[in-house]
Undergrad: 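Have a look at this one.
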Amino acid sequence: MADDLNDTYQYPFEMADEADIKFRDGAIPGRPAGVPSSYEEGGSTRWTPDAIAEVHALAQLGRYQVRGYNTFNKRMPTFDDLTFVPATMTRLPLEGYREGCDTTTVLGAGRGLVEKPLELKIPIYIASMSFGALSAPAKAALGYGASKAGTMTCTGEGGMLEEEREASQTLLYQMSPARYRIDLDHLRRADALELVVGQGAKPGTGGLLLGMKVSERISRMRTLPVGVDQRSTIRHPDFLGADDLAVKLEELRIATNYQVPIFVKMGATRPRYDVAIAAKAGADVVVVDGAEGGTGASPELLLNHTGIPTMSAIRAARESLDECGMTGKVSLVAAGGIRSGVDAAKCLALGADAVMIGNGAMIALGCNSPRYLDDYRKLGTAPGACHHCHTGLCPVGIATQDPELEKRMHVAAGAERIARYLAAMTMEITALAKACGKSSVHNLEVEDLRAMSFEASAFTGVKMAGIDRPFEW
Amino acid sequence: MSEIVIDVGKRPIREINEEIQAACKTGSPIRVVNTLSRHNLGIGLPPGVRIHFEGSVGYYCGGLNTGATVSIERNCGWAVAEGMSAGHVTVGGYAGMSCGAAMTGGLIHVKGDSGPRCGVAMKAGNIVVEGKIGYQSGFMAHQGKIIALGGAGHSCADALWAGEVWVAGEIDSLGVDVNVVEPTAEEVAEVDAILEPLGLVDSSRNWRKMISGQRLWYFQSRDAGAWLMI
Amino acid sequence: MCGIAGRILTAPGRVGADLVDLMDAQEHRGADSTGFAIYGIPRDEGFVLRGMGFDKARLSPDMEDFRLILREHGSDLLEEPTFVTSDARHYSFRAVISEPNDLARWIRDADAITDRLEVQSCGRSLEIIKDTGSSAEVADKHGVRDMIGTHGLGHARLATESSVLPNASHPFWARPFPDTAIVHNGQITNYYTWRDRLHRLGYRFLTQNDSELIAVWVSHEMSEGLTLEQALKKSIKDIDGVFTYMIAREDGIGFAKDRYAMKPLVVVWQDGAFAAATEEQAVRRIYPGESEVINYDGPSITEIWGVGNRSMAA
């Protein structure tokens, strides 16, 4: 019998000692050495070390935790689950090293309503990150870098920073619900306006800037007492819904004399409906910020457990615009977790007209770079793992308002790194577009992609690799 | 200087605003008639202009005003003079919701009642309401004063920052994180100085001044050590 | 996300034309679809029906089936139905029927063919006309301006979480309660909970539109013994989200507003007549001169406006 080993076989030698069998390693009595789920590691799938640490934190602090950076939710799909299928026999590729590929990106021209639609040289711009979340030198570096690359930056919440206006040839001026430092002069000095109704890192919740970053200058710009935690409203004070938004947009158009496009930025939650509503209310550009979007500070639960992934949001948003007849009239910008030109190209193929990068730009500036190691250590973190933007103690001077720390942000060097990063990303996009036989990056389409996981296919409707049809239920 | 009269009726709002802006350049006083409660009249007015709206207006009238003197004969809709940085706006009747939303300066004088969220997110300036201010007035007001000579609706002075809400009449209920304080004589004098040019000073008023309870100002300890735990 | 309007006249008159004007002024609040609920002069017997079929190619068989169901319930058409068709696939109809033995049972059976045809209003006087397009478009197509009545509701819709379909437009009839219609501005955040509960109680929902829920919810509460006023007040606690809604019945219009006071309602009473709208500029279409305007701006408020001279006029 198979379960009665002793009876069936005799070794042709003497049976080994129990001690030899147990490795002779001096293991704790009653606990065989090297057996998985040893006591230190535990085996619970529910109560992982992370889960236990979270309960300990909640129990000790009596509140949820706040941090910066972006989602730590491990179940988010990644753009790596999608692959391009370049031209081969059915299609003819363009010469990747030689032939041209247009990257010009026009935003806000579709309705024919505004005098000065945005014309960017590349389909990438720098995301709305506020002066407050970022230091003034960091904002200036982003502005100069973007200008060199022929694209724009966005003020983010908290008003127009003079350094950024000077640096950015094209500047998107954000009107957040809290309306910090909004005035007509700034409105008219902007190249485009953006009304925010939510963001990917924390949809349904207003901005957050903890007291350590509410410096004297920030306090003046945002009319806040120095050092208080600024928790912004999520609802705008003067419109409560898309029906009123239509009236509000008319006001802003009059205020800017129908010169510049108006963006509406939202976190990706129900883009299939939300995007259509924003388009019908009159926006020129809709920005959909996926759950992977970054932030300077957010309740961690919102970072990790709200919103839908960027890749699925883009598909839903594009279909939404198609269905309500707004494709061509309203531009679609995607954001959230875009790291490289490859990710950006995938976003364009999924249906975005342009992409916006936040964390990527910060990292290009030097976020998480291996310098000032002691300061990382003081924060209890290390280069490559730092997510402490909320503390204002950024070791590299980017996400801080500390006058000493912000000196570490070298504007000229940072600007050049941004310009090179944007140029490199654009090269990546054109390389892929040309491989797919496109003379313009905007001609990338869903058909150019295949999914390498059921999940990615189910989330996006992109055809599964090999079987060439989307995953269906 | 002769008055310029602009007739609203059913004409496009953009066209009317262009006429208003052109009239502003002449320096003449402007009278806008037949307003029919239309929205977005007189947006982004320049300093020094005097403009009168006959009848009632809709949403955002006088929005983003930078120093004009605006008078509205009767009622206005939502967010009159929203984002105003300077100027003097008078509403003869009832001011709709979010009167003076996010304003950064200037004075709004409402002769009737005001709707909910009067002075929401205001950054500076003053709002004087002769009647009652509506629900959740003063919500997240950063600075400036909201002065109600009548009463106040529910959730008064909800989650104030450094703004102040002054109420002489009945208050239906207070919002979250509000302290009601007894104003000092100097503080009352400051308010009277705002009321004085409007001819509204009355020493018999029993003021209640609402300021932030400051409980919601700090999410957590400001002690740097505590940050490292996060 | 919408614009709404209400109108009460002192005597039967051109209530349709007034509601078209009220909604025309609010077109920017939602041009996906427009609808009207008009209370004409009440019939002494029988019901007037308004409805929609989804495929005009099937009009004849639809009507045959519809009539068959009617007859099974002891009712029949009193007049030849009239139809409105256009380039669109759907068609609209108006019919007058004699009393079914049991109205609720009849409509339940009639709803069995809702994949082809929907009864969208039923009452002694209520007629709901709705379609995709702007106020003027819907009015022209369905002759709304010529409709005579005592009171009514209007609605311009900006679709939120349900589709832009002619039948997902407002107003909604509170099936199976005759002469009850609602219009709603806002959105309900516990819609699925209530819909499910009411569905279990046997109510039928024809759309995914949260506003349809309010119609049925209020009528259900009233069938359980609440007065309209009590039901309106209870809705503020029980229904979550953003709403200003008006519910019309034969004898008046009721209104309720959510606890956070998000959506406005402007009302003018003049010479015994009443006009209400989301925006004051709409009311100015009826009363261009200055009149006393009541802003229902506060949180958690309800009101009922009676149709005073109705029985006399009728």
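Because only heavy atoms are used, hydrogens play no part in the values below, and waters and symmetry mates are left out as well, while side chains stay in. Numbered from 1 within each chain, the chains take letters A, B, ... in sequence-line order. All of these numbers come straight from a predicted model, not from anything done at the bench.
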Undergrad: Is the gap between the ring centers of W305(C) and Y296(C) under 6.0 Å?
TA: yes

Undergrad: Counting only heavy atoms from other residues, nucleotides and ligands, does the tally under 6.0 Å from CD of E292(C) exceed 12?
TA: no

Undergrad: Report the residue from V89(B), T66(B), V70(B), L64(B) that forms a side chain to side chain contact (heavy atoms under 4.5 Å, CB included) with L45(B).
TA: V70(B)

Undergrad: Which pair of non-hydrogen atoms, one from I133(B) and one from C118(B), has the smallest distance, and what is that distance?
TA: CG2-SG, 4.1 Å

Undergrad: Checking side-chain polar atoms at under 3.5 Å, does E3(B) have a donor or acceptor matched by the opposite partner on H52(B)?
TA: no

Undergrad: Chain C: which of S155(B), G55(B), G96(B) shares the most heavy-atom pairs with it under 4.5 Å?
TA: G55(B)

Undergrad: If you count heavy-atom pairs within less than 4.5 Å of chain C, which of K10(B), E73(B), H154(B), R117(B) leads?
TA: R117(B)

Undergrad: Measure distances from R38(B) to the heavy atoms of chain C and classify the residue's part below 4.5 Å as side chain, backbone, both or neither.
TA: both

Undergrad: Sort S291(C) into side chain, backbone, both or neither according to what part of it lies under 4.5 angstrom from a heavy atom of chain B.
TA: backbone

Undergrad: Please classify the contact between Y287(C) and chain B as side chain, backbone, both or neither, with a heavy-atom cut-off of under 4.5 Å.
TA: neither

Undergrad: Quick check on the interface: out of G289(C), P264(C), P288(C), who has the most heavy-atom pairs with chain B under 4.5 Å?
TA: P264(C)

